[in-house]
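What follows is one structure encoded as structure tokens, with my remarks underneath.
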Amino acid sequence: MLRAPKILVFDSGLGGLTVFAEVARLRPDAAFIYAADEAGFPYGDLPESVLVARVVAVMDRLISRFAPDVIVIACNTASTLVLPHLRERFALPFIGTVPAIKPAAIQSRTKLISVLATPGTVARDYTRDLVRAYAADCAVTLVGSSELASLAEAFMQGENIPDDAILREIAPAFVDVGARRTDCVVLACTHYPLLIGFFERLAPWPVEWIDPAQAIARRTDHVLTQALGFGAGGAIIRNPGSVTALFTGVAAPGQKLKEALSRRGIEKIDLDSMPLVFA
Ligand code: DGL
């Protein structure tokens with residue numbers, strides 16, 4: 001395949017930028033669409049049937065508009081539920097983002113690990129199955145936060161985030177049972193690495209924060225080269241302007257967010273209003 005690949009990176013909001021950054025590093029040759037379903041945000045509190053219908057509908061529109069070669073669902077809340085529906089409906093490769101419980105269980109020495117995620121992700125059968133399959137030798141604390149993804153969005157928009165708002169959300173992930181305490185916390189929502197500076201500074205004690213973004217980027221590159229026949233990513237220098245961000249809301253991003261996107265190589269911003277309708 002001689003042309004450059006087209007990669008669609010999708011999230012409910014800005015969290016998927018943490019995955020996009022790693023994919024873009026491995027595939028500087030690719031054209032990217034970064035799609036944020038801001039009109040559906042936050043996904044973490046949506047009923048499952050609503051979330052499935054929403055993601056399938058948005059994906060339908062994105063695929064007809066952009067015809068991507070590969071789609072990265074850079075959202076744990078969506079991936080842990082919607083991937084089978086997407087794969088059934090669209091004949092395209094989907095790469096999901098799911099809680100990195102397996103690497104955390106392997107890395108942990110104290111065998112006390114925590115999974116920090118949205119309420120939707122911690123409630124999923126998929127997540128509970130990962131715990132049973134890969135962390136049977138660990139005590140796993142699942143922490144569902146209703147606030148952190150919104151705090152991450154606010155942070156990206158340049159708002160001031162008080163430390164205590166963050167600390168309240170991460171504190172339950174730190175378990176101390178005397179002789180042992182949590183040593184690995186899985187960042188099981190792509191928004192959370194945006195707040196890593198707060199997490200590291202406010203953590204009651206140092207832990208490993210496990211972020212699967214690099215593994216997802218490697219998987220995406222593997223699919224492009226092995227399954228789809230694209231050449232290696234380093235060969236071509238990226239065209240400036242080959243990244244488009246698309247927001248499903250009606251409000252254009254403010255100046256601070258535009259600057260944050262620009263620092264990530266995103267200059268073109270498009271709005272495509274897709275209101276969330278509860279059936
Ligand atoms: N970024 C999403 C995730 O990885 C969730 C944020 C939301 O609640 O929409 O789970």
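We count ligands from 1, going down the list as the structure has it; atoms in each ligand are counted the same way. Keep in mind that what you see is a predicted model, and the values were worked out from it rather than measured. All residue numbers in this chain count up from 1 along the given sequence.
Aromatic ring centres of H191 and F41: separated by under 6.0 Å. Taking the centre of each ring, F198 and F155 come in below the 6.0 Å mark.
Residue contacts with ligand 1, taken as heavy atom pairs separated by less than 4.0 Å, involve S12 solely via side-chain atoms from C-beta onward. Counting heavy atoms under 4.0 Å from ligand 1, residue A149 touches it through the side chain alone. Contacts with ligand 1 closer than 4.0 Å are made by side-chain heavy atoms of D11 only, the backbone lying farther away.
The protein heavy-atom contact nearest to atom 10 (O) of ligand 1 is T77 OG1, 2.5 Å. Nearest protein neighbour of atom 2 (C) of ligand 1, counting heavy atoms only, is C75 SG, 3.3 Å. Considering only non-hydrogen protein atoms, atom 7 (C) of ligand 1 sits nearest to Y43 N, 3.3 Å. What sits closest to atom 8 (O) of ligand 1 on the protein, heavy atoms only, is G44 N, 2.9 Å. Here the heavy atom of the protein found nearest to atom 1 (N) of ligand 1 is H191 ND1, 2.7 Å.
Close approach to F41 involves these atoms of ligand 1, each under 4.0 Å from a residue heavy atom: 7 (C), 9 (O).
A donor-acceptor pair shorter than 3.5 Å can be found between the side chains of D183 and T110. Using a 3.5 Å distance cut-off with no hydrogens or angles, the side chains of T127 and T121 do not pair a donor with an acceptor. E38 and T248 share no side-chain donor-acceptor pair at under 3.5 Å.
Nearest heavy atom pair, residue S79 against residue V98, reads CB-CG1, 4.1 Å.
Hydrophobic clustering of Ile, Leu, Val, Met, Phe, Trp and Tyr side chains at less than 4.5 Å, counting indirect connections, unites Y34 with V23.
Checking only distances, T190 does come within under 3.5 Å of ligand 1, N or O to N or O.
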